[in-house]
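Lettering of chains follows the sequences in order, A, B, ..., and the numbering in each one begins at 1.
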There are 2 protein chains.
Amino acid sequence: MNDPRVTIRDVARAAGVSPAAVSKVLNDGYGVSAAMREKVMHAIAELGYRPNVTARAMRGRSHTVGVVADIRAPIVAQVVEGVQEGLRDSSLDVLLAPVGDAPERQRASIDTMINRNVEGLILIAPTLPYTALNTLGQSIPTVLIGRHGGGRHFDSVMDDDAAGAGLAVEHLAGLGHRRISHITMPTGRLRRPSVLPQTAREDGYVAAMRDHALEPDVITTDFTEEGGYAGALTALRRREPATAIFAGTDTVALGVLRAAHELGLRVPQDLSVVGADNIPVSALPQISLTTIDPAGKLNGSTSARLLRERIDGRLNPVTYAIAPSLVVRGTTAPSGSDR
Amino acid sequence: MNDPRVTIRDVARAAGVSPAAVSKVLNDGYGVSAAMREKVMHAIAELGYRPNVTARAMRGRSHTVGVVADIRAPIVAQVVEGVQEGLRDSSLDVLLAPVGDAPERQRASIDTMINRNVEGLILIAPTLPYTALNTLGQSIPTVLIGRHGGGRHFDSVMDDDAAGAGLAVEHLAGLGHRRISHITMPTGRLRRPSVLPQTAREDGYVAAMRDHALEPDVITTDFTEEGGYAGALTALRRREPATAIFAGTDTVALGVLRAAHELGLRVPQDLSVVGADNIPVSALPQISLTTIDPAGKLNGSTSARLLRERIDGRLNPVTYAIAPSLVVRGTTAPSGSDR
DNA sequence: GGCAGAATGTAAAACGGTCCACAGCTCTCC
DNA sequence: GGAGAGCTGTGGACCGTTTTACATTCTGCC
């Protein structure tokens, strides 16, 4: 912490060895005697030496993994925690480049990381086109979280969102619901199979409905509370209104709850609602939303493991789909019930 | 993006000049002719050259500002957005080191940043002791957000939380409330005046109550929904129960709302509730919490400005207190009202 | 035309590590 | 006792950029 910084030369002098020797000790290189290791370690502790990472980075290893994510999404905190956990014993530090909505900001943040010679990248729910990601993966170890479809030059970790949607439909159908609507959002320019969670959920919903011999009803708005409100009004003003709504995200579900309230519908007696993402709000007693839990931490730690393998030289792509779980809370009940 | 990376030498060769010349163009150095600038710029664009930041960092400037924060707090996203905005025209990039609760993780994240030669640090609500922060500020330009009291070797930006508490009390007293309880959390090891927002709020609350000739009633639990629930039970089971509660944070306020609901109290008719922080949930129609808005983005952009001044050489400490505002929503009403 | 001084460009040394190639030493084995 | 192998440790080049000190060219003016 004190200026000027202690360098490897200072340590070497204090320990009476060469800088190269200190470097070897630090990188547990081949050919260091116990005696020397001891001397060097002592000098390091004595002087409070910490290697200058930028200098290290110039010779290949930057000891840094870059995470690019929109930190406004509550799940990101959990994912990052998982990443850190997965990197704990590895001498790799996690740095986060914050992005907002704009795709060009994503690019800029990725470049920020690459300019700093990060050893690998973890991108959370990137909206960049498939080809750009593939090109990126060719030049640097890359793992994608939450992007479906996989790719040739990067690893992918995601929740099995289609299966999650299946869980939701199964739960609702099991409660006797027949008219189950789904609210989703436009896919942007992304095309199947390289898509974000909402599209996979939509597909899973449609498939599950067909499996139960039910008619799918997909309403497309946007993923805000407002969007959920508007979507719910559509679903509930049909000639044969929905008795259950599977919302594409919890935030959307909150809008659905508000619409129901305004229309005088009781939840869950008159309308059942299922969300997705299990954001912190959903667990609040006032909300108590039945939802699909995305296992954010597990996504993070799995990504970290894959990235390390990739940094260590693996080239063939790996895809991990994590089984989601349904968290049953207070917004779902049997159809036509009045408990 | 393509391997191997384009270096300054490649650009120099392509433009038919020396590497030094390219460097000068990049750093708008003294003594570059228009012709040379033109040639170099063209070569840079041609080759898609981007300077290697780690190499730059070795010669002093790392073009990086480090933000250390707990990304689980919703406000952090807004603050970071403000920081980025304040740094937009500066060639400085923002990198974020995520931390959790543990103070030693804060230290580790700060070291992570220093090891990478960042030009300055912005710490959001750090819990490190005052002396550690002061020492830190002596070795690197540092700005603290959300830490009261200021210091000799760093700048401070914070909401005027005492004034915010004053707004809350004034609002409630103006509605006719006399028994206004406040729920706060322990101060940890921090001592006045170098404290986190909650302590400043508590002080502001006590002062404002006295100003209105009312008796302060401070309940100390912890800053979770559970804590709020427990605190509210205490306040509402007194012989003379509170008619209004000023919660230390919105999350706490959510617990208060649950307690009120369970006790059969209607909000706002039987009990008024004010929170603090204006987290996204509070704006939801179902919650509609009256709260104090912390102007996160303004905190961020102000910090960025101060940090730049400090990087440019300013040494004397500056403290900025940002006036908070009260957002009146649906959880407050006149005392004894039955509107 | 010659000269001072300004303007423009370059060579080379740094920054703080890593790592290759090699030197010196000890040990083993014949 | 000497050759060769195996260990330890070191010198120095190198990574990509900035910056200082200096060389060269140009300009204006007497």
Peer 1: Which distance, rounded to the nearest 0.5 Å, do you find between the CD1 of A:I122 and the CG of A:L96?
Peer 2: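 Answer for the CD1-CG pair, A:I122 versus A:L96, is 10.0 Å.
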Peer 1: Scan A:V22 against the nucleic acid and name what it touches under 4.0 Å (heavy atoms): base, sugar-phosphate only, or nothing.
Peer 2: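 No contact.
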Peer 1: At under 4.0 Å between heavy atoms, what does B:R61 touch on the DNA or RNA strands: base, sugar-phosphate, or nothing?
Peer 2: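 Nothing, no nucleic acid heavy atom in range.
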Peer 1: Should A:D89 and A:R308 count as an ion pair when the cut-off is N to O under 4.0 Å?
Peer 2: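 Result for this pair is yes, salt bridge flagged.
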Peer 1: Anything under 4.0 Å to a heavy atom of chain B counts; send over the first and last such nucleotide of DNA chain C, read 5' to 3'.
Peer 2: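 Extent of the interface on DNA chain C: C:dA7 to C:dG16.
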Peer 1: Using the side chain to side chain contact (heavy atoms under 4.5 Å, CB included) criterion, which residues pair with A:D93? Sequence neighbours excluded.
Peer 2: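 A:D93 satisfies side chain to side chain contact (heavy atoms under 4.5 Å, CB included) with B:T112, B:R116 only.
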Peer 1: How long is the straight-line distance from CZ of B:F154 back to OG1 of B:T319, given to the nearest 0.5 Å?
Peer 2: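 Spacing of OG1 (B:T319) from CZ (B:F154) equals 8.0 Å.
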Peer 1: I'd like to check A:N52 versus A:T7 (side-chain heavy atoms, cut-off strictly below 4.5 Å). Are they in contact?
Peer 2: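 Counting from C-beta outward, A:N52 and A:T7 never come under 4.5 Å.
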Peer 1: How far does CG of B:L133 sit from NE2 of B:H153, to the nearest 0.5 angstrom?
Peer 2: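 Going from CG on B:L133 over to NE2 on B:H153, the span is 12.0 Å.
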Peer 1: Mapping B:A55 and B:S18 to their closest nucleotides on DNA chain C, which lands nearer the 5' end?
Peer 2: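 Whichever sits nearer the 5' end wins; that is B:S18.
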Peer 1: At the 4.0 Å heavy-atom cut-off to chain B, mark where contacts on DNA chain D begin and end, going 5' to 3'.
Peer 2: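 Contact span on the strand: D:dG16 to D:dT19.
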Peer 1: Do you see a donor-acceptor pair shorter than 3.5 Å between the side chains of B:R50 and A:N115?
Peer 2: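 Judged by distance alone, the side chains do pair up.
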Peer 1: Can you tell me how far apart NE2 (B:H42) and NZ (B:K39) are? Round to the nearest 0.5 Å.
Peer 2: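 Reported value, rounded in 0.5 Å steps: 12.5 Å.
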